[in-house]
Undergrad: 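Please find one structure pasted underneath; my questions will follow.
Note that the coordinates shown come from a computational prediction; the quantities given were computed from them, not determined experimentally. Both ligands and their constituent atoms are indexed starting at 1 by order of listing. The figures here come from the full heavy-atom set of this structure, side chains too, leaving out hydrogens, waters and symmetry mates.
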Amino acid sequence: MTHLRVTGGRVLRPGGRVERADIAVDRHEGTIRAVGSPDEVDEAVGGDVDESVGGAAAETLDAAGGIVIPGLVNAHTHVAMTLLRGYADDKPLDPWLREDIWPAEAELTPADVEAGAELGALEMIRSGTTAFADMYFAMDRVADVVDRAGLRARLGHGVVTVGKDEADARADVEESLAVARELDGAADGRIRTAFMPHSLTTVEEEYLREGVAEAREAGVPIHLHANETTDEVDPIVDERGERPIAYAAEVDALGPDDFFAHGVHVDDSEIDRLGDAGTAVVHCPASNMKLASGMAPVRRLREAGVTVALGTDGAASNNDLDVFDEMRDAAMLGKLAADDASAVPAAAAVEMATRAGADALGLPGGRIEAGAAADLAVVDLDAPHLTPVHDPVSHLAYAARGSDVRHTVCDGEVLMRDREVLTLDAEAVQERAAAAASDLVDRVGSA
Ligand SMILES: [Zn+2]
């Protein structure tokens, strides 16, 4: 049985158009074979029958009463931070990192990272996310989880050199480059990698220059946090007399395949520069609001031609990995930032979470059309909070939640069917993560 059919639903097509259609997926290729009427889809799957169920047609996912959307893309997270969900809240970025998050992360073991990543993968599959970008450490463990879970990801080891001696700083850069070289193409090609300096202020210039040069040679993109808070922008302006995006260009970290998280405090010259360079920005509205970092100028970025994707950031500053929340927050905060209710409409938020996300990460997916990657989610619209359906795109941005997702498919494989995750043992994953988190907090307390 080569094919999977997604039947009876409405389908969100490129450009934001919604139409009633069935979808034929080629499971071996992991791609969409056809989108159209049942007859057209019948023709595409030919005589493919499933002998194991008495010769019935290809495996079917029922999308009746729902809308089929491209799998959502969480373009910036630190997935294992699910273990620190609700551990420390209600502080600005700098003291939150120094007083709470970094001391806890210092106690994290590779096994903890694996447990946290598994919990995050489970949460993402259950909320219709099929691809994510992850910056963290023990990335071989994260890669194992991505492989098992059936997701797609761009992974990188986050480098911090400030406060380290030269040997440790250099080892951190080397680790990130090694991860970028060795894990690229893993999980049957579903894993791609990037060189990931944490930010322009937490990695010193000489290491940035060296690491970026080697990443360019290896052909991997750069991902870092940029212009997140004024605390991060001001020292660069004071010390260098230039804005962070100009500095990024100077160290050759501003390329067309690169993607920067946040972009909150960017001025007009930086917005133009990002647009000209083709460097994507990953907007993380919930994290920016929770840490009171500021409001990213999403409308202006989009108008300048910047690819703006959406990210949850880590679960400790969100506090979940539900990209539906991000769509709603991006639309709402974008209006507030522009002082204009039309600034970031529903269709723009949905596009940021799908096509723009895939494009920012340089991963397949983000569109439902023949030949595209079969990364899909079916959102059930049959619920009180989604009734009536005047405009399904409005519902996706403003009213739907991750828990409305009925089925999730990535690379042609069904990861969740009727809300049951097939690739991970949900109960075991939750138990393991809860135990790991509780042990971690005990260790931090006694450290
Ligand atoms: Zn982050």
Side-chain angles (χ1 to χ4, degrees), residues 73-85 87-89 91-98 100-102 104-105 108 113 116-117 120 123-124 129 131-139 142 153-162 172 176 179 193-203 221-233 244 248 253 258-266 279-296 308-323 325-326 329-330 333 352-353 357 360-361:
V73 179
N74 186 352
H76 176 73
T77 189
H78 314 279
V79 71
M81 289 184 83
T82 48
L83 295 192
L84 298 173
R85 187 195 325 264
Y87 169 67
D89 303 302
K91 286 185 180 183
L93 179 63
D94 197 62
W96 176 75
L97 285 174
R98 282 172 205 286
D100 303 298
I101 298 303
W102 287 343
E105 287 183 336
L108 274 178
V113 170
E123 188 182 351
M124 288 192 282
T129 291
F132 68 107
D134 200 53
M135 176 196 286
Y136 217 54
F137 36 90
M139 295 312 290
V142 179
R154 193 167 281 277
L155 305 179
H157 169 91
V159 179
V160 173
T161 64
V162 287
D172 212 18
S176 191
V179 161
T193 58
F195 175 59
M196 297 195 182
H198 177 266
S199 75
L200 298 168
T201 50
T202 49
V203 178
I222 315 296
H223 177 48
L224 46 80
H225 296 91
N227 303 57
E228 180 175 1
T229 63
T230 49
D231 287 347
E232 183 204 324
V233 173
D258 302 333
F259 56 107
F260 292 177
H262 299 298
V264 174
H265 300 279
V266 282
T279 302
V281 168
V282 185
H283 177 42
C284 304
S287 177
N288 296 160
M289 289 192 282
K290 185 164 186 247
L291 299 167
S293 301
M295 298 188 281
V308 183
L310 294 181
T312 58
D313 213 347
S317 64
N318 188 298
N319 286 359
D320 61 45
L321 305 181
D322 184 346
V323 175
D325 287 353
E326 257 31 60
D329 290 346
L333 190 61
M352 288 159 70
L361 302 191

Undergrad: Which residues pass the salt bridge (Lys or Arg N to Asp or Glu O under 4.0 Å) test with Asp320, sequence neighbours left out?
TA: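 Result, salt bridge (Lys or Arg N to Asp or Glu O under 4.0 Å) vs Asp320: none returned.
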
Undergrad: Checking side-chain polar atoms at under 3.5 Å, does Asp325 have a donor or acceptor matched by the opposite partner on Asn318?
TA: no

Undergrad: Classify the side-chain pair His76/Asp313 by whether it contains a donor and acceptor separated by less than 3.5 Å.
TA: yes

Undergrad: Determine how many protein N/O/S atoms sit closer than 2.8 Å to the Zn ion (ligand 1), leaving waters out since they are not shown.
TA: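 Of the protein's nitrogen, oxygen and sulfur atoms, 4 lie under 2.8 Å from the Zn ion (ligand 1).
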
Undergrad: Apply side-chain hydrogen bond (donor to acceptor under 3.5 Å, both in side chains) to Asn74 and list each qualifying residue two or more places apart in sequence or on a separate chain.
TA: Thr312

Undergrad: The criterion is side-chain contact (heavy atoms from CB on, under 4.5 Å); which residues satisfy it with Ala330, sequence neighbours excluded?
TA: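 In terms of side-chain contact (heavy atoms from CB on, under 4.5 Å), with neighbours along the sequence ignored, Ala330 is linked to His283, Pro285, Leu310, Met352.
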
Undergrad: So, does Lys290 use its side chain to make a donor-acceptor pair with the main chain of Asp89 at under 3.5 Å?
TA: no

